[in-house]
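Just so it is clear: chains get the letters A, B, ... in the order the sequence lines come, proteins before strands, and each one is counted from 1. Just so we're clear, the structure is a prediction, and the values are computed from it rather than from any experiment.
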Amino acid sequence: MNEQRKAVSLISGGLDSMLATKVILDQGIHVEGINFFTGFCVEGHTHAIRAKARKKEKRNNALWVAEQLGIKLHIVDVIDEYKDVVFNPKHGYGQNLNPCLDCKVFMVNKAVAWAEMVENDFDFIITGEVIGQRPMSQRKDTMPVIARESGADDRLLRPLCAKNLPPTLPELEGWVDRDQLFDFHGRNRKPQIALAKSFGFEEYSQPAGGCCFLTDKAYSGKLADLWQSRGERSYELDDIMLLKIGRHLRPKPHYKVIVSREEGENHYLQGYQKCYPTIRTISHGGPITLVDGNPTPEDLEFAARITARYSQGRDSDEVTLTITLPGDEEPEEVTVKPIPPSEIPANWHV
Amino acid sequence: MSEIELDARHLLCPLPVIRTQDKIASLESGDTIIVTCTDPGTLNDIPAWCRIHGHEMLEHRTEGRELSFRILVHK
Ligand code: SF4
């Protein structure tokens, strides 16, 4: 009897990896999914934070895809290791701070390491990549770079565009039938949609820009600002989570204020009051503000004026707020005049 | 057979799922684990993760903003 071959599939939660996995499952291969959590993933967080989104049903698309396909999914925390990819991408960044090519190399390499673990012992790796679909990582000339630099070499199979690429080990060994793989290329999504239909997939997610926040211009701008203010490229998970929410204003290079925009963000920012000076409006309804950096007492009072500007007391002469420093039992109460919008220059908005 | 507790409060998805998954990796069949979370996303994600890995959701409770899941491990 033939040995049961096993493949590990990089599942992003989008349609392409779902299709690629299904194509290989249908060839009798045992497939399990792997998904990497870098901290920048679009999945989950913002939905979990913002009150409006809370009302909608939330789900992790990668888990959902795995369940539809009937495969196991392993989610791997790569937050710390991924930093090096973001700080020093050998192949550079895309349009924003997205290091897509290095990111792909990193993820496939992690998948190889997982596949080779004794308790796993998987034979090859599959991805939903399609030649020409993404300007940086999914080009004919970068496909071999990913295979080579990740160490996957000919054990990396892209079922959706395999026919446009040289045969890989699973094809050469006859574990999978190359004739039943595809030759998709370019940005046209019609072939994927038709294939989804033929599999009876009616619901799936098709993220537009990319799979993570680093492709987002505004987000990348905030990250660049953070690095500039610190004088080095560094971040912790809390930093990059906070970049996803609230209004960020930097009145001076050494501090930044993060003002919540709605109730869900209020709750979320509250969770950080032990780590950052926190400002709350008490005389009126209003946001919660965190101050990041090295603010002086005067800076904190100024941050209180900014907070007041976004409170329901914005048109009043006086708004009372509290300022709580990390470790303080008792907050300090301050009464300030809200800063008029005309005195908030556009370039303060990060 | 043991029962252990996992505090996944103040973590946002998918971290509570990852912590649950990693903890369960070191447990034996028949053990139970109680996971406490605050992200409402776990309401979907933890049961979904359990279903695809064949673990059994014995009980789920919501108290205020806290959610807890009692899971029986099957290996
Ligand atoms: S969009 Fe983000 S997660 Fe996707 S390949 Fe690029 S850097 Fe990696």
Side-chain angles (χ1 to χ4, degrees), chain A residues 11 13 31-39 41-51 53-79 117 119-120 237-238 240-242 244-245 263-264 267-275, chain B residues 4-31 33-58 60-75:
Chain A
I11 299 284
V31 186
E32 295 189 17
I34 195 161
N35 174 267
F36 297 102
F37 179 60
T38 63
C41 310
V42 180
E43 285 293 322
H45 301 136
T46 27
H47 310 290
I49 298 164
R50 302 202 67 177
R54 275 169 183 260
K55 297 194 181 77
K56 286 195 210 136
E57 202 206 340
K58 292 173 301 293
R59 66 170 189 219
N60 176 303
N61 280 323
L63 277 171
W64 185 84
V65 161
E67 195 168 14
Q68 299 310 301
L69 295 169
I71 62 168
K72 287 188 176 173
L73 179 77
H74 310 275
I75 311 181
V76 186
D77 169 353
V78 291
I79 298 166
M117 280 160 66
E119 63 270 35
N120 297 333
L237 181 63
D238 284 344
I240 60 175
M241 300 300 279
L242 285 171
K244 294 177 187 173
I245 64 162
E263 191 203 327
H267 276 294
Y268 187 68
L269 292 187
Q270 250 167 28
Y272 285 93
Q273 62 186 357
K274 290 202 178 82
C275 318
Chain B
I4 64 151
E5 294 191 14
L6 175 67
D7 181 359
R9 288 174 301 169
H10 309 299
L11 295 177
L12 294 180
C13 280
L15 286 171
V17 181
I18 297 177
R19 299 285 180 266
T20 306
Q21 164 193 275
D22 294 353
K23 201 70 186 174
I24 286 182
S26 64
L27 299 180
E28 303 287 334
S29 218
D31 289 346
I33 176 168
I34 299 174
V35 190
T36 314
C37 310
T38 43
D39 179 355
T42 54
L43 206 52
N44 275 321
D45 294 355
I46 290 191
W49 184 85
C50 288
R51 285 194 300 275
I52 62 179
H53 287 268
H55 306 301
E56 195 178 332
M57 182 64 64
L58 297 176
H60 152 240
R61 283 194 203 173
T62 308
E63 272 170 48
R65 295 181 77 85
E66 282 191 10
L67 307 148
S68 73
F69 305 89
R70 190 156 163 264
I71 303 160
L72 174 62
V73 177
H74 288 289
K75 284 197 170 169

Please answer whether the main-chain N or O of A:N60 pairs with a side-chain N or O of B:D45 as donor and acceptor at a distance below 3.5 Å.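 The answer is yes, because a donor-acceptor pair under 3.5 Å joins these two groups.
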Can any side-chain N or O of A:E67 pair as donor or acceptor with the backbone N or O of B:R51 at less than 3.5 Å?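 Checking the backbone N and O of B:R51 against the side chain of A:E67, no donor-acceptor pair under 3.5 Å is found.
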By ring pair (Phe, Tyr, Trp, His ring centres under 6.0 Å), which residues pair with B:H10, not counting sequence neighbours?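 For B:H10, no residue satisfies ring pair (Phe, Tyr, Trp, His ring centres under 6.0 Å) once neighbours in sequence are set aside.
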Counting only heavy atoms not in A:Q270 (residues, nucleotides, ligands), do more than 12 fall under 6.0 Å from its CD?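 Result for CD/A:Q270: enclosed.
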What are the two closest non-hydrogen atoms of A:L73 and B:W49, and how far apart are they?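 So the two residues come closest at O-NE1, 3.7 Å.
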Mind listing the closest non-hydrogen atom pair of B:L12 and A:M241 along with its distance?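 Heavy atoms of B:L12 and A:M241 come nearest at CD1-CE, 3.5 Å.
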Contact class of A:I71 relative to chain B, heavy atoms under 4.5 angstrom: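 When you check distances to chain B, only backbone atoms of A:I71 fall under 4.5 Å.
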Kindly determine whether B:L15 and A:D77 satisfy side-chain contact (heavy atoms from CB on, under 4.5 Å), including the steps that lead there. CA-CA 8 Å; B:L15 286 171; A:D77 169 353; 4.3 Å; yes
Nearest-0.5 Å distance, CD1 of residue B:I18 to NE2 of residue A:H74: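 The distance works out to 13.0 Å.
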